[in-house]
Structures are given as C-alpha cells and as structure tokens.
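Before any comments, here is the structure.
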Amino acid sequence: MAYKDPKQPINHRIKDLMGRMKLAEKIGQMTQLDRSILSGGGSVPRLQASPQDWIKMFNEFQNGSLSSRLGIPMIYGIDAVHGHNNVYRATIFPHNVGLGATRDPELVKNIGAATALEVRATGINYVFAPCIAVCRDPRWGRCYESYSEDPAIVEQMTDIILGLQGEPPAGLRKGVPYVGGKDKVAACAKHFVGDGGTVEGINENNTVIDRHGLLSIHMPGYYHSIIKGVSTIMVSYSSVNGKKMHANHELVTKFLKDTLKFRGFVISDWQGVDKITYPPHSDYPNSVLAGIQAGIDMVMVPFNHTEFIDIVTTHVNNKLIPMSRIDDAVKRILRVKFVMGLFENPLADQSFVDKLGSQIHRDLAREAVRKSLVLLKNGENADAPVLPLSKKAKRILVAGTHANNLGYQCGGWSLTWQGLTGNNNTAGTTILSAITAAVDPSTEIMFSENPDADFLKSNNFSYAIVAVGEPPYAETNGDSLNLTIAEPGPRTITNVCGGVKCVVVVVSGRPVVIEPYVSSIDALVAAWLPGTEGQGVSDVLFGDYGFTGKLPRTWFKTVDQLPMNVGDAHYDPLFPFGFGLTTDPVDQSS
C-alpha cells in the first residue's frame, strides 16, 4: 500500500490513503478527545506520573489507533507552554512575558529544543505552543503567555518554533509544515487571531479593531510562524469585531489558508466550537456546521465525541458540509502526520526518558531567568547603587509571600491548569533556597514571610530581599481590573522597606500596581514568572551576572491609564516599554 511506503512522496501517500478512507474514518481524523489524543491542563495518567507512566498511556492509545482498519497513527497534543509543564519533575522555564524581556531569540529557540526533548521523553509528539498573542492590556488573564505588547518582539520569538520542530531545509515551500525527526514535536501557533486585543483585556471577549490594526499588530506572528514551518494553528475563543473566530470563514479560510498559504491543519480550542453560542453548546449542530465551514480541520471535543461525529455525519449526508471541506481537513491532518514520520515511528521512543528535567535543561532555564529579570530601580540617583548585593553581609532578611513558594514562582499552567502553591509539587529551587546557596556560609539568613516593625528593629539586618507578587492563575481566572500585589505583599513592602535597605522582587505575570511604594523601595526587580530555577534570580542579585533584561510591556502608574501601549498618544508610564537598568558582574569570591 503506497501510503505505508516512506519512499513515496508525501502527496502521493496522502492521496493513496484518502482514496481508501470511508467517511467515518475521515471524520475520526477530525476529532480530538481528552486523554486520548490530548491532555488538557493537569490531565495526567496519575499524580506525579513518571515518564514511563506517560509512555505506557501514550503507547496504549497509539496501539489502539494502529489496530484500526487502516492503521492511521494518532497525534497526541499537550499544553507544554513553558517547558513540559504538566509533568512532574520537568524543567519549567519562565513564562513567555519573561522570555520577551530577554530579547534573545536564540535562547528561546534553545528552550524550544529542550521542551521538545522533555515532551518526547513522555512519548508525546505535539505541543499547543507557542502562544503568539500580542497582549495589549495587562488586565487580560493570559497576558503572561504573551511575549510582548510589541508585535516585533513576538515576531522574533517565533524562533521557538525552530527549536520545537527543527529548522526547515532551505528549499521547503513556505507554508508547508515541517517536523525534523524523533527528537522534535509538532508545534501550534495560537490563538488565531486577536486574542490579546480584547476590550478591557476580558478573556475570550471581543477585539474591536480595523483591518490595518489587525494585520499590523496581531497578524505578524502568524506570517513568521508559517514561514518557519509551523504544523498547526489554533483558533481563538475571542471574536473580531463581533464575529466569533471559531466561525470566521473570512479569516480562517480566506486569509489564513488562501492568502497566507498555510498548509498545516487548523485546530479548535478546548470546546471552542461549543462556545460559538451562548450559553455554550446550546445550538451544537449549528455550531459544528459554522466551525467546520469556517475552516477548522480538527475539533477538540473533550467530552462528547460521539455526538460530534453523529452531527458531522448528518451534515455531510444532508449536503450541508461538502465532501471537499472534509477532504481539505483530512488532507491537512494527514500531511502533518506524514511530515512527522508517525507512520514509520508511531510509538514512544524510550531513549529520551533521561531528558526530562535534565541538568542541562535546568541550566538553560536558569540562564533564561537571569536574562529575563528587569532592573527597574537601583538606589536613588545621587546614591550608590544597591545592587549587586554583598554575599558577605552579617545578617540578611528574606521576606514576602513569593520568596519560598515554588508554585507561585511557576505561575499558572504548572502541573495543573491554574497552578499550585508550595514546594512539594515538583522539583526546583525557590528564591530563598537560591539566596541561601549564593551567600557566604558566614552570612546569617532570616526568613519571615510577613515581618512586623518590631522584628525588624530587634534584628540588625544589613539588607532585606522581599519577594511579593501575584498568586498563580490561568485564563479567565486571571482577568483583573485592579492588578494589585496579593496581600499581605504591600504591607510587607511598607514594613520592611520602612526599616531596612530593601530590594523588592516582583513575581508576577504582568506589570502590577507598584507606584505607591516605589519611593520607599531601594531597588526594584521585575522577575515575571521565572519557573523552577530560582538560582537565576540570585545570580543577578549578587552580581555573578549583570542585569540585561528590558521591559517587554509598558509599566503603568495606575490602572485608569489602561490600555496604554508604546506609541500611544497618551503615553505616560511609570516605566516605559524597553526600560531596564543594567549592572556589571562582580567577583565576590576573594
């Protein structure tokens, strides 16, 4: 059978296989289920599952797929959005907003390659990343998944695709998907299009924008992802000018497929077709019709695949969905599967298991943390700079809700969808542990999450490091109209900085209200959501490396100014886009 022969050209294999497929088999290709061809956030084989547990689950599903009449392998997707973040002991890299601060596309490409290896360590072959949203309002709960408010930076960071999928050969036609071998995964640029531009940053809401704005702000990341060979593109829950993207034929088919010549497959978001109506699923047959007619090729139906399959079958039999639309979807899905080499190597490769959470990947994450930190204040102008700090101080205070909390450091999309609190959920290094390892053994470190004034008075501290910020959140749960630091963070800043020289490290997914406290703070660092490798923070606080990060987003004074982006007429930020003080490394070893 020609489709099983790797020597045949891919188009020939697709044509041969499609000629053998029945309608039910075609619709089956268009259906994606939870824990059988995807894992949603926190959907795992068991708590603290090992790579072997994941491989066993994956291979069982895949063997089921291979035992079907035509033996078409399945593609299995997972949200690996900052490393292989659902998996116990995986390396968790900084979230995208921090990577945007590095301005380092080569670093981001290396993170893509490391993530691909860790995903392959669990047998999985497809990731729902990168998110190439251009977040234009930090009140959006997914703003940390966006590299920047500036489309030019988002565009640069699409180099992560070259790490995840491999670098396409020079002669490859633009728009054709590319996955370069068993150590790579299929990627997914998301969420098409305008997800970061909604009114007031409300998640899944409406982006009101003219054609020029859509094409110049929200679309450039897609041009570049397609040129770099991205395999799949995920449609956004949001609307553009009142039209749901999951039902937007003009943008999904006419623009993405016909104008941009994208040849991979278009996938819905989780129950994205259900949400074409409000309430969700209230007119499912019409939603399915609208979604497939819009040009969606694979539909995520985590809970109701039999209903979905019955509806699509009925629509085809009643000539509401033309066979040509089904064939377009199946051709695109099979193209990606053939490009990935799934027909030749459908099962997990056990030789990658030691890549999960490997030291080399942790070192890369630590480098990313160092480069992502943005120094916003370093002493008053006339005074000597506060940073780098001395490693040989007599006694130092470490304080704040985020100093000793690995879950808070990682943020949302970490082991579970919404993220976790505490230090017992996975392997990593907290900011407190990193500071402890960095200072001289003779230095006394005292940790108090929320010390009062008396505690400060009774201990003669050389200086204090205060880590405060936001608790973890994902998607709509992160939408916020006030953007405040979580309690008792502001009180901790006031108490500590009122009594001792202090460095405040803000651990957050976006700029937060800090203006009222800046005058009392001696040095201020934006650490974003750094992930598991907290030593990257101590590396720059103590001057083993210099600060180099630049703000990927405008830091507002008050939320009343929002939305406010670089280039706006009313631009009056606390710290402008691109701002970031630098320090030189110092050697404290002598």
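Every heavy atom of this structure was used, including side-chain atoms; hydrogens, water molecules and symmetry mates were not. Everything numeric here is computed off the predicted structure, so don't read it as measured data.
Relative orientation of the Phe575 and Trp555 rings is perpendicular, given thresholds of 30° and 60° on the angle between their planes. Ring geometry, His246 versus Tyr237: the interplanar angle falls under 30°, so the pair is classed parallel (tilted spans 30 to 60°). Ring pair Phe192/Tyr222 is perpendicular by interplanar angle, where above 60° counts as perpendicular and below 30° as parallel.
Side chains of Leu389 and Phe542 form a contact here, defined as non-hydrogen atoms less than 4.5 Å apart. Contact of the Tyr463 side chain with the Cys502 side chain is not registered, since no non-hydrogen atoms from C-beta on lie closer than 4.5 Å.
The environment of CG in Asp383 is crowded: more than 12 heavy-atom neighbours from other residues, nucleotides or ligands sit within 6.0 Å.
Partners of Asn241 according to the side chain to side chain donor-acceptor pair (under 3.5 Å) rule, which considers only residues two or more places apart in sequence or in another chain, do not exist here. Every residue meeting the side chain to side chain contact (heavy atoms under 4.5 Å, CB included) condition with Asn482, not counting sequence neighbours, appears here in chain and number order: Ser480, Thr484. Applying the side chain to side chain donor-acceptor pair (under 3.5 Å) test to Asn203 and every residue at least two apart in sequence or in another chain returns Trp140, Thr476. Remark: Lys550 engages no residue in a side chain to side chain donor-acceptor pair (under 3.5 Å) (not counting sequence neighbours). A search for side chain to side chain contact (heavy atoms under 4.5 Å, CB included) contacts involving Ser225 returns Ile132, Thr158, Ile161, Ala189, Val230, not counting sequence neighbours.
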Let me have the donor-acceptor pairs involving side chains of residues 448-456, under 3.5 Å, with sequence neighbours excluded, atom names and distances please.
residue : atom : partner : partner atom : Å
Asn450  : OD1  : Thr492  : OG1          : 2.8
Asp452  : OD1  : Asp454  : N            : 3.4
Asp452  : OD1  : Phe455  : N            : 2.9

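For Glu470 (side chain) and Gly509 (main-chain N/O), a donor-acceptor pair under 3.5 Å exists by modelled atom type. The backbone N or O of Leu406 sits less than 3.5 Å from a side-chain atom of Asn423, completing a donor-acceptor pair. Proximity of a side-chain donor or acceptor of Asp210 to a complementary backbone N or O of Gly213 within less than 3.5 Å is detected. In this structure, the side chain of Thr416 engages the main chain of Gly419 through a donor-acceptor pair within 3.5 Å.
Judged purely by distance below 3.5 Å, without hydrogens or angles, the side chains of Ser414 and His82 pair a donor atom with an acceptor atom. A donor and an acceptor atom, one from each side chain of Asn206 and Ser239, are nowhere located under 3.5 Å apart. In this structure, a donor-acceptor pair under 3.5 Å is absent between the side chains of Glu515 and Thr558. Using modelled atom types, one finds no donor on one side chain facing an acceptor on the other under 3.5 Å when comparing Ser287 with Asp274.
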Give the intermediate values and the outcome of side chain to side chain donor-acceptor pair (under 3.5 Å) for residues Asn86 and Ser43. CA-CA 8 Å; Asn86 274 300; Ser43 175; over 6 Å; no

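Under 4.0 Å is where a charged nitrogen must lie from a carboxylate oxygen, and between Asp544 and Lys391 at least one such pair does. For the pair Asp195 and Arg142, the salt-bridge criterion is not met [side-chain N within less than 4.0 Å of a carboxylate O]. A salt bridge does not link Lys371 to Glu106: none of the charged side-chain nitrogens sits closer than 4.0 Å to a carboxylate oxygen.
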